[in-house]
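See below for the structure under consideration.
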Amino acid sequence: MKTQMRNPTLVLLLLLSSQLCSVLSWKKDEFRNCNQTPFCKRARARKPSSSSLIAQDVAIFDGELTAKLFPEKTQENPDEQDQDRIKALVLTLSVYQDGILRLKIDEDPKLDPPKKRFEVPDVILPEFSNKKLWLQKLSTETIGGDAGPSTIVYLLDGYEAVLRHDPFEVYVREKGGNRVISLNSHGLFDFEQLRVKRDGEEWEERFKGHTDRRPYGPQSISFDVSFYGADHVYGIPERATSFALKPTRGPGIEDSEPYRLFNLDVFEYIHESPFGLYGSIPLMISHGKSRGTSGFFWLNAAEMQIDVLGSGWDAESGISLPSSQSRIDTLWMSEAGIVDAFFFVGPGPKDVVRQYTSVTGTPAMPQLFALAYHQCRWNYRDEEDVEQVDSKFDEHDIPYDVLWLDIEHTDGKRYLTWDRMLFPHPEEMQRKLAAKGRHMVTIVDPHIKRDDSYFLHKEATEKRYYVRDATGKDYDGWCWSGSSSYLDVLRPEVRSWWAEKFSLENYVGSTPSLYIWNDMNEPSVFNGPEVTMPRDALHQEDAEHREVHNAYGYYFHMATADGLVKRGDGGDRPFVLSRAVFAGSQRYGAIWTGDNTAEWDHLRVSVPMILTLGLTGISFSGADVGGFFGNPEPELLVRWYQLGAYYPFFRGHAHHDTKRREPWLFGDRNTERIREAIHIRYMLLPYFYTLFREANTSGVPVVRPLWMEFPSEEATFSNDEAFMIGSSLLVQGIYTEHARHASVYLPGKESWYEVKTGVAYKGGRTHKLDVNEESVPAFQRAGTIIPRKDRFRRSSTQMVNDPYTLVIALNSSQAAEGELYVDDGRSFEFQQGAYIHRRFVFSDGKLTSLNLAPTPPGQAQFSSECVIERIILQGLSTGQKSALIEPENQKAEIEKGPLLPHSRQGPTAITIRKPNVRIVDDWVIKLL
């Protein structure tokens, strides 16, 4: 690259990067396993019933249950070492609306610990505290053969929480009956308290030439959590493995690692591995046919390791738990922090997601353009390259909305700058794209080049805004920029300062149509331990990086998104893509699954990765289409576009060492197939946008596991090759080359209509279908109505005023319903009521449009002149020839028409042509 060759430092960086390739590519011994991680090794070695805690001094204070946890004394004169372990812990139990139980356990500040343990700030919604139910009284009950009583707390109608005193245990149960979730039922709870180092004691840890000083010594926490009535557990992203989590310990499981939650820059990650990747969300959700769904969330940003314990793991423990319920046991281990845990009772899948996002926030409502297709590469070379790629999309009649620039667009990897040799006129370049309704995204990583002439570094140094090393100096690590420092984004004032840098005045060369990509924000440090920041680096108030690590990228993402909001004076929804992810990231933008590879297995594993992110709050996610590394053969690339068109976030991306792979470079036939896949996405944008609004209001993900819609069908519980888009579409990927057949399970009792042909298939069975290279199997569920836009434009922005098509798939009762949500697609005015929300209901031979948008006096209004120009009816059992539109009392013709625009199949679908009813109005269309 020219920018590298002009700067000797960058040449050295390039050489170092080439050497790092072998370090960063997946090698087991370059990352710590559990046996090399002392806190994990200690926790795994504990036996059931090793915890001897007893709950005492149970009372109500400030509307919460409070108690002290004391170890049971086993000898009258404990020695000095034992004294370190007998300090009381403070416990609080809080109850919140919708059946949410919060458990906090920490050291007692009155006992003067060496420092305050870290609690993760700014993740829980501020308004969540207003949902607390103030406890007025406690009841007691002697359970089973216990010598003393347990305390019972009302949780929700039909549910209660139990604090068992001796031995200490917390669980949620159905009132007077079956358990739902429990903590410390196996006595594995351990809380290593902070203390003063003894003479001669060794606290340092070493790995691969790096030394962690650990100035506060061991401070880990571990405990067991059990899910009752569970057939499978899910969640705890991010990793490239099956959707249903497999056991990691137990009879017949050899040499398995726990699921690791520690944000890392993993170069060329492998599939089918429990190893953690770029993000960590410590939320686990259980699901079973008998009990339904429940969830457990531990708000903790330190490294975490989680075992899913196989059946029989505790056969010799002597502990007796209810045998009438199936159960999955897990072991949670963290290096630091406190216990700040949430129990979600469900009982349905959507209930648990709603409960979780009421704590951490629902997904942000994106701009409409962000749901369309994004074209990216490391790197588009210069302005001429950008212009040529843009024009080629038009030449080949392929829509796209966003063109991306990777790190080479900057001046020597100085973010928020431009290489003026390659991009001399960035504002004009962006305006040319904007004239077609298109946008640009540039990359902004968290490592700031240590160059005294660089305005960001100079100002951050003067303000002392960087993370410090263990000695108190600004931390100096190595990344793309060479010698770099990292902002302490844990500090609100640093985040505010960073946000200001995205103003049009500060980000010279930017325009309002430019948006941002945060990469490397785990944070990635090429010369750091495990390619990340040392654990003993220091943040505000001397919080160690070990305590903050998994949330670092979250705070950087937050600050960047806030910057784009400030840039537009609060009138423009931000778009920021982040690689690192933590609980709450859904409030600030999109996530992608990182540096995947052009392999069929990576296409396959993208589905469970996206499903898992959605289940844990992150609706707006996707995988790099085509694979970031390697050169996909044309068939794989086509299949990836056909599947990726249904990802919530749809972007093609590639490494700079790969061959160019824009959609028109693989022959006319493959260009046509990719074009058709992208057209499908644009056609479905109204449906996707409606689903994103549902996610924004309820937390329910856009892309869903089949069991979220069919929770009692066991055949769906471990199916992660197919997925639902909302409640109406089912998509089955093709994951092998030269496939000619696909087995597709279609759940439920009603039929499913193949999207491309309209052929109906019965539900509740597996169908072996013939497939070809033109598309992947996709089906509309009988009983649903899907809104589409069928006119193809250059970008989604140019489609705003286009008419709609409604596709009605009738069920066995000749009924169906669906929704359409529309707003201005860019501002926050929808929060003041400026939107259209309609429900369409077909029954008794008529289609009715109902208003779901409240319009109180004084609220902002949004209107549209858009009309519905086609209504397609699938499964209609009668042969009507016309329709009557009320209240206009006008007739519309019913005839055969194409199911899809530009279809080669000819007119096969029953269609009401040009009813031209406005989407804002109430109306009824009767079949005659």
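Hydrogens, waters and symmetry mates are skipped; everything else that's a heavy atom, side chains included, is used. These numbers were taken from a predicted model, which means no experiment stands behind them.
Across all non-hydrogen atoms, the minimal contact from Arg661 to Pro632 is NH2-CD, 3.5 Å. In plain terms, the two heavy atoms of Ser510 and Leu504 that are nearest each other are OG-CD2, 3.6 Å. Residues Met365 and Phe830 share a closest heavy-atom pair of CB-CZ, 3.5 Å. For Ser621 against Pro648, the heavy-atom pair with the smallest separation is O-CD, 3.2 Å. Between Glu599 and Leu636, the shortest heavy-atom distance links the atoms N-CD2, 3.7 Å.
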Practice task
Report the C-alpha separation of His653 and Trp517 in whole Å, then their side-chain angles, then the decisive distance to 0.1 Å, and conclude whether the ring-ring contact (aromatic ring centres under 6.0 Å, His included) test is met.
Solution key: CA-CA 13 Å; His653 186 34; Trp517 171 17; 5.4 Å; yes
Exercise for the section: Show your reasoning for whether side-chain contact (heavy atoms from CB on, under 4.5 Å) applies to Asp122 and Arg495. Expected result: CA-CA 12 Å; Asp122 303 316; Arg495 296 200 297 268; 3.0 Å; yes
Handout entry: Audit row: Cys479, Phe526, side-chain contact (heavy atoms from CB on, under 4.5 Å) steps and yes/no
Key = CA-CA 5 Å; Cys479 204; Phe526 290 163; 4.0 Å; yes
Problem - side-chain contact (heavy atoms from CB on, under 4.5 Å) between Ile443 and Leu405, worked out - result: CA-CA 6 Å; Ile443 195 166; Leu405 296 180; over 6 Å; no
Problem - Audit row: Lys413, Asp445, salt bridge (Lys or Arg N to Asp or Glu O under 4.0 Å) steps and yes/no - result: CA-CA 9 Å; Lys413 311 300 190 300; Asp445 293 347; over 6 Å; no
Practice task
Kindly determine whether Asp542 and Arg468 satisfy salt bridge (Lys or Arg N to Asp or Glu O under 4.0 Å), including the steps that lead there.
Solution key: CA-CA 9 Å; Asp542 289 337; Arg468 293 161 289 139; 3.5 Å; yes
Exercise for the section: Tell me, with the steps shown, if Thr417 and Asp411 meet side chain to side chain donor-acceptor pair (under 3.5 Å). Expected result: CA-CA 6 Å; Thr417 70; Asp411 177 12; 5.0 Å; no
Exercise for the section: Begin from the C-alpha positions of Thr360 and Gln586 and carry the test side-chain contact (heavy atoms from CB on, under 4.5 Å) through to its verdict. Expected result: CA-CA 9 Å; Thr360 63; Gln586 65 269 16; 2.9 Å; yes
Practice task
Begin from the C-alpha positions of Phe275 and Tyr269 and carry the test ring-ring contact (aromatic ring centres under 6.0 Å, His included) through to its verdict.
Solution key: CA-CA 9 Å; Phe275 192 83; Tyr269 61 79; over 10 Å; no
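Asp469 contributes a side-chain N or O that, together with a main-chain N or O of Thr471, makes up a donor-acceptor pair within less than 3.5 Å. The closest donor-acceptor contact from the side chain of Glu30 to the backbone of Lys208 lies at 3.5 Å or more, if one exists at all. Counting only distance, with no hydrogens or angles, the side chain of Thr671 and the backbone of Pro663 share a donor-acceptor pair below 3.5 Å. At distances below 3.5 Å, at least one donor-acceptor pair connects side-chain atoms of Asn596 with backbone N or O atoms of Phe628. A donor-acceptor pair under 3.5 Å links the side-chain atoms of Gln430 to the main chain of Pro426, judged by distance alone.
A 4.5 Å side-chain heavy-atom check between Pro399 and His679 finds at least one atom pair inside the cut-off. By the 4.5 Å heavy-atom criterion applied to side chains, Tyr554 and Tyr588 are counted as neighbours. Between Asp476 and Arg450 there is a side-chain heavy-atom pair separated by less than 4.5 Å. Residues Val444 and Trp498 meet the side-chain proximity criterion, which asks for heavy atoms closer than 4.5 Å. Under the 4.5 Å side-chain criterion, counting only non-hydrogen atoms from C-beta, Leu368 is not in contact with Met799. A 4.5 Å side-chain heavy-atom check between Phe262 and Asn550 finds at least one atom pair inside the cut-off. Within the 4.5 Å cutoff, the side chain of Lys659 has no heavy atoms near those of the Leu665 side chain. Counting only heavy atoms from C-beta outward, the side chains of Arg651 and Leu577 approach each other to under 4.5 Å.
To the nearest 0.5 Å, the span separating CG on Asp624 from CH2 on Trp640 amounts to 8.0 Å. Separating the OH atom in Tyr641 from the CG atom in Asn670 is a distance of 11.5 Å, to the nearest 0.5 Å. With rounding to the nearest 0.5 Å, the separation of NE2 in His409 from CG in Leu422 is 11.0 Å. Between atom OG of residue Ser481 and atom NE2 of residue His457 there is a gap of 11.5 Å, rounded to the nearest 0.5 Å. To the nearest 0.5 Å, atom CG of residue Leu538 and atom CG of residue Asp488 are 9.5 Å apart. The CG atom of Asn506 lies 7.5 Å from the CD atom of Glu500; values are rounded to the nearest 0.5 Å.
Between His374 and the choices Phe575, Trp592, Phe393, the ring pair (Phe, Tyr, Trp, His ring centres under 6.0 Å) rule is met once, by Phe575. Screening Trp480, Trp478, Tyr415 for a side chain to side chain donor-acceptor pair (under 3.5 Å) involving His447 leaves a single residue, Tyr415. With respect to Trp378, the side chain to side chain donor-acceptor pair (under 3.5 Å) criterion is satisfied by exactly one of Glu408, His655, His656: Glu408.
Residues Phe650 and Tyr373 place their aromatic rings such that the two centres sit under 6.0 Å apart. Residues His539 and Tyr475 place their aromatic rings such that the two centres sit no closer than 6.0 Å. No close placement of the His557 and Phe582 rings is indicated, their centers lying 6.0 Å or farther apart.
Cation-pi geometry between Arg681 and Phe688 is satisfied (NZ or CZ under 6.0 Å from the ring centre, within 45° of the ring normal). For Arg826 and Tyr515, the positive end is not near the middle of the six-membered ring at less than 6.0 Å and at most 45° from its axis.
For the residue pair Asn521 / Tyr278, no side-chain donor-acceptor distance below 3.5 Å is found, with atom types taken as modelled. Looking only at atom types and distance, the side chain of Glu395 has no donor-acceptor partner in the side chain of Trp664 under 3.5 Å away. In summary, the side chains of Thr532 and Asn263 do not present any donor paired with an acceptor at a separation below 3.5 Å, with no hydrogens or angles considered. For the residue pair Ser578 and Asn518, no side-chain donor N or O sits within less than 3.5 Å of a side-chain acceptor on the partner. Arg377 and Thr658 share a side-chain donor-acceptor pair at under 3.5 Å. Judged purely by distance below 3.5 Å, without hydrogens or angles, the side chains of Gln375 and Tyr380 pair a donor atom with an acceptor atom.
Open room surrounds CZ on Arg464; 12 or fewer heavy atoms of other groups in view lie less than 6.0 Å from it. Shown here is Asp452, whose CG atom has no more than 12 heavy atoms of other residues, nucleotides or ligands within 6.0 Å.
For residues 543-556, the salt bridge (charged side-chain N to carboxylate O under 4.0 Å, His left out) pairs, not counting sequence neighbours, are Lys115-Glu547, Asp212-Arg546, Glu335-Arg546, Glu544-Arg546.
Salt bridge annotation for Arg535-Glu303: present, with a cationic side-chain nitrogen under 4.0 angstrom from a carboxylate oxygen.
Taking the six-membered ring for Trp and thresholds of 30 and 60 degrees, His271 and His602 have ring planes more than 60 degrees apart, a perpendicular arrangement.
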